[in-house]
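Data block below; observations after.
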Amino acid sequence: MAENEKSTNFVQQAIDEDLKNGKYTEGIHTRFPPEPNGYLHIGHAKSICLNFGLALNNNGLCNLRFDDTNPTKEDVEYVDSIQEDIHWLGFDWQDRKFYASDYFEKLYDYAVELIKRGLAYVDDSTAEEIRQNRGTLTEAGKESPFRNRSVEENLDLFTRMKAGEFADGARVLRAKIDMASPNINMRDPVIYRIAHAHHHRTGDAWCIYPMYDFAHPLSDAIEGITHSVCTLEFEDHRPFYDWLLESLGFDVNTRPRQIEFARLDLTNTVTSKRKLLQLVKEGHVSGWDDPRMSTLSGLRRRGFTPAAIRNFCNEIGVAKANSLVDISMLEHCVREDLNETADRVMAVLNPLKVVLTNVPEGKVEYLVAENHPKHGGNRYIPFSREIYIERDDFMECAPKKFFRLKPDCEVRLKHAYIIKCEEVIKDAEGNVIELHCTIDPTSKSGGATANRKIKGTIHWVEANSAIKAEVRLYDYLLKTDENGNLPDDFIAALNPDSLVVVKNALIEPSVKFAAPGTRYQFLRLGYFVIDYDTTFDNLVFNRIVTLKDTWAKIKCKD
RNA sequence: AGGGGUAUCGCCAAGUUGGUAAGGCACCAGAUUCUGAAUCUGGCAUUCGUUGGUUCGAGUCCAGCUACCCCUGCCA
């Protein structure tokens, strides 16, 4: 499905239905509501694409709203990174960046209103007592002894909570609903707690903070959100969402409606903020933007494109069934995008020297090489008596299906000549250290007599002009079982080979002045991006993803 | 055990007045190829968790059963 094609998931269908029924005549309005307590990851990308996409498809708007109601866990570092990541992904909230903390005053007023309506009360119970009285999954809870205080007393106490008269945990404000409800979220949920904590935006102005369940529906309502899209685990909270807005008198035809979808889970990686944080804290990765991380900053550094991620989010769909998407789907989307956009270049990761004995010493020839098989553009690459090829492209005793270089056989050098392996040079231990080959001078690429059919074509690099580079070969961060599931101890499942650093790779000279962030296809190897660690004398590449490799499959079968 | 959800190919996922199973990924086969890439062609669910029922006809309706996920934070 094309990226801008209207997707018809069940959320869109709910919107269509609402519109048909005459609801939300002002238009559709969604929001993306991250808590600034960590970096955004691929799972958030699904939510971002969904929420902003829904707005786009319905001619509506999507807000960015930081859900910053818990000052002890949140930080400006995260609000900055979140904005950067959303923009990078290609979405814009225009002038609609909000914070739940923008509404603290209003939220407080709504709480007072709830008290006045007899629907909320201050509870002096300890956290432990509240827990004990909540009941269990099968038994009803017990009502708090403070449940039936007068409105006046509640108002007085809540005012004093706000004024800072009480210590953390001394009292809470609770909604007064039904301690016997089979839905635990309706057993008088706590809606305000005391926390003498410094908030990254409101500073020390408040010492009481609203709970998510209270702040979220009201923030939605305040912003005129029509469809509040969240993940499945909030399904049980919807009755409270509706109860709150109903209790406060919001019109059912215009008030926001919560719709839940299944979060993204991906094989071979972690998509949980907690685990991502653990990887960073324990030093298993270099940071939030380590190219092996599923964070958007990690994927960005790895070289993934925003378009590829958007396409991926589009293709996996949106539904309510918990699912585990195979990482190959993501890789497919990256390859699909990069195949179109990345220029081709030659690089040798594991060099084997080749001397072309019938090429005169000192002679350098410049050959024409296309930058992209479809989109044109050429460059010149040097060619001379000494070149390097990939070690894997030579086999002394090769199986019949191996159509690269082997003794007394021919192979084509991409953009250059057909060569024949005449002599294999070995060291004392018998390791191949050099090859002597001859070129067929009539076979020059593009020439009139170049059309001789040769089964194999390999990449190479000219010895004197090649640039040395560091290439970081990234692989899956995690090993998973056949079903893609992580074991309980995910640290034990870390792939020890998730990063292999090649220090002395050789790249053709054309990439010399390319800027960090530039993506290439290294012919026959994969897609690579210039890392930001690159300095004047140390070029660093990250492998984004390999090319599909049919030969690897054939090898495995043998 | 109470409540809330979900079950369609190895993985995602369409299927909406019941009419005889889209598409993508992966995989397989072939064509093509100066990237064993890309591209192209063909293959890939007589069957929709399961058992019954209604019906000329059911993935779609009804009843029962089973499996899995979420919920007992003053986290979001």
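Nothing here was measured: the structure is a model prediction, and the numbers come from that model. Every chain is numbered from 1 and lettered A, B, ... according to where its sequence line falls, protein lines coming before strand lines.
In this structure, CZ of A:R131 is placed 6 Å from P of B:G73, rounded to the nearest angstrom. Computed from coordinates, the A:I316 CD1 to B:G24 P distance equals 17 Å when rounded to whole Å.
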Under 3.5 Å, sequence neighbours excluded: what are the donor-acceptor pairs made by side chains of residues 410-418 of chain A?
from, atom 1, to, atom 2, distance (Å)
A:E410, OE1, A:R452, NH2, 2.3
A:E410, OE2, A:R452, NH2, 2.8
A:R412, NH1, A:A450, O, 3.4
A:R412, NH2, A:A416, O, 2.9
A:R412, NH2, A:S443, O, 2.1
A:Y417, OH, A:E365, OE1, 2.8
A:Y417, OH, A:E365, OE2, 2.7

List the atom pairs, donor and acceptor, that lie under 3.5 Å between side-chain atoms in residues 264-271 of chain A and the rest of the protein, sequence neighbours left out.
from, atom 1, to, atom 2, distance (Å)
A:D265, OD1, A:T271, OG1, 3.3
A:T267, OG1, A:I327, N, 2.9

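Considering only residues two or more places apart in sequence or on other chains, A:P382 meets the side chain to side chain contact (heavy atoms under 4.5 Å, CB included) condition with A:V364, A:Y366, A:E462, A:S465, A:P509. Here A:A180 pairs with A:A140, A:D178 under the side chain to side chain contact (heavy atoms under 4.5 Å, CB included) rule; sequence neighbours left out. The side chain to side chain contact (heavy atoms under 4.5 Å, CB included) check on A:V368 picks up A:N378, A:Y380, with sequence neighbours excluded.
Exactly one residue among A:I458, A:V348, A:N350 makes a side-chain contact (heavy atoms from CB on, under 4.5 Å) with A:I389. That residue is A:I458.
Among residues at least two apart or in separate chains, salt bridge (charged side-chain N to carboxylate O under 4.0 Å, His left out) pairs with a member in residues 336-351 of chain A are A:E340-A:K374. Among residues at least two apart or in separate chains, salt bridge (charged side-chain N to carboxylate O under 4.0 Å, His left out) pairs with a member in residues 163-174 of chain A are A:D123-A:R174, A:D124-A:R171, A:R160-A:E165.
In terms of polar N and O atoms assigned as donor or acceptor, the side chain of A:R404 comes within less than 3.5 Å of the base of B:G36 in a complementary pairing. You'll find a donor-acceptor pair under 3.5 Å spanning the side chain of A:Q521 and the base of B:U35, going by distance alone.
At the heavy-atom level, A:H216 lies nowhere under 4.0 Å from the strands shown. Using a 4.0 Å heavy-atom distance criterion, A:T126 is classed as a base contact.
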Atom pairs under 3.5 Å: protein N/O with N/O of nucleotides 67-70 of chain B:
from, atom 1, to, atom 2, distance (Å)
B:C69, O2', A:N322, ND2, 3.0

Polar atom pairs (N or O), protein with nucleotides 38-45 of chain B, under 3.5 Å:
from, atom 1, to, atom 2, distance (Å)
B:A38, O2', A:N339, ND2, 3.0

